[in-house]
Amino acid sequence: DQQVKQNSPSLSVQEGRISILNCDYTNSMFDYFLWYKKYPAEGPTFLISISSIKDKNEDGRFTVFLNKSAKHLSLHIVPSQPGDSAVYFCAARRAGTDKLIFGTGTRLQVFP
Amino acid sequence: EPEVTQTPSHQVTQMGQEVILRCVPISNHLYFYWYRQILGQKVEFLVSFYNNEISEKSEIFDDQFSVERPDGSNFTLKIRSTKLEDSAMYFCASSGQFTEAFFGQGTRLTVV
């Protein structure tokens with residue numbers, strides 16, 4: 001099941017710079033997208049979401065952009081902090097269902 | 001801040017044994033889920049539960065799996081006869097109507 005793809009397994013960014021994490025999807029029926037952050041030995045923690053009727057949602061240092069025509073979304077973290085180092089999962093939900101389809105995750109490392 | 005609580009954090013069981021994973025969802029949530037993550041793989045949906053019945057399940061969720069909400073607070077996942085390939089992190093999650101899912105910290109199940 002490759003409906004949600006995160007093609008970059010890892011990303012390394014200097015503290016204070018912008019982190020951009022990307023996600024692509026194939027199912028045009030997805031209408032809601034989420035980003036989760038996960039530390040080792042913990043469950044995913046919700047970060048930010050976006051509905052398909054929007055193209056941008058912002059919450060503090062986190063902004064999610066949605067390009068429906070390209071079936072692409074991205075998470076921008078600015079400025080990046082060492083505490084942001086974690087695995088970031090993109091997830092999508094199809095209209096009329098509850099289940100989330102997760103990507104494989106991108107490991108972000110923010111170094112001083 | 002309310003959170004989803006899972007017990008135990010780690011469960012070791014012999015192949016063929018029954019195991020019950022327990023979860024206490026956030027108290028005012030209406031939707032309950034189980035996901036799992038096999039080591040090195042993506043987080044996969046197992047089942048969703050609403051109004052005391054399964055609302056959706058994946059092909060992974062076969063007859064050896066069952067869920068129950070035995071009282072007003074607990075939500076359990078039972079695996080009747082565990083197999084080696086059931087070894088994974090199992091995450092419980094809950095959500096309100098039209099809200100994001102909040103995940104527990106997970107139960108690491110090791111089948112030997």
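Below, chains carry the letters A, B, ... as their sequence lines are ordered, and counting in each starts from 1. Keep in mind the model is a prediction, meaning the values are calculated, not measured.
Here the straight-line distance linking atom CZ of Phe45(B) with atom CG of Asp98(A) works out to 7.0 Å at 0.5 Å rounding. Distance check: Gln6(B) CD to Phe91(B) CZ gives 7.5 Å after rounding to the nearest 0.5 Å. Atom OG1 of Thr104(A) and atom NZ of Lys5(A) lie 10.5 Å apart (nearest 0.5 Å). Atom CD in Gln11(B) sits 10.5 Å away from atom CD in Gln17(B) (nearest 0.5 Å). Rounded to the nearest 0.5 Å, atoms CD1 (Ile60(B)) and CD (Glu85(B)) are 11.5 Å apart. To the nearest 0.5 Å, atom OG of residue Ser95(B) and atom CZ of residue Phe102(B) are 9.0 Å apart.
In this structure, the side chain of Thr82(B) engages the main chain of Gln14(B) through a donor-acceptor pair within 3.5 Å. At distances below 3.5 Å, not a single donor-acceptor pair connects side-chain atoms of Thr13(B) with backbone N or O atoms of Val19(B). Side-chain atoms of Asn74(B) do not come within 3.5 Å of backbone N or O of Asp71(B) as any donor-acceptor pair.
Judged purely by distance below 3.5 Å, without hydrogens or angles, the side chains of His10(B) and Thr107(B) never pair a donor atom with an acceptor atom. Between the side chains of Ser55(B) and Ser48(B), a donor-acceptor pair is found at a separation under 3.5 Å.
Heavy atoms of Glu56(B) lying under 4.5 Å from chain A belong exclusively to its side chain. Heavy atoms of Ala101(B) lying under 4.5 Å from chain A belong to its backbone as well as its side chain.
With respect to chain B, the highest number of heavy-atom pairs below 4.5 Å among Arg93(A), Gln6(A), Lys38(A) belongs to Lys38(A).
For residues 25-39 of chain B, a heavy-atom distance under 4.5 Å to chain A picks out Tyr31(B), Tyr33(B), Tyr35(B), Gln37(B), given by residue number. For residues 39-69 of chain A, a heavy-atom distance under 4.5 Å to chain B picks out Ala41(A), Glu42(A), Gly43(A), Pro44(A), Phe46(A), given by residue number. Contacts between residues 16-36 of chain A and chain B, counted as heavy-atom pairs separated by less than 4.5 Å, involve Tyr32(A), Leu34(A), Tyr36(A).
Using a 30° and 60° split on the angle between ring planes, Phe89(A) and Phe102(A) fall in the perpendicular class, above 60°.
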Full working for side chain to side chain contact (heavy atoms under 4.5 Å, CB included) between Cys90(A) and Leu73(A): CA-CA 9 Å; Cys90(A) 166; Leu73(A) 66 155; 3.9 Å; yes
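Residues that satisfy the side chain to side chain contact (heavy atoms under 4.5 Å, CB included) test with Thr5(B), not counting sequence neighbours, are Glu3(B), Val24(B).
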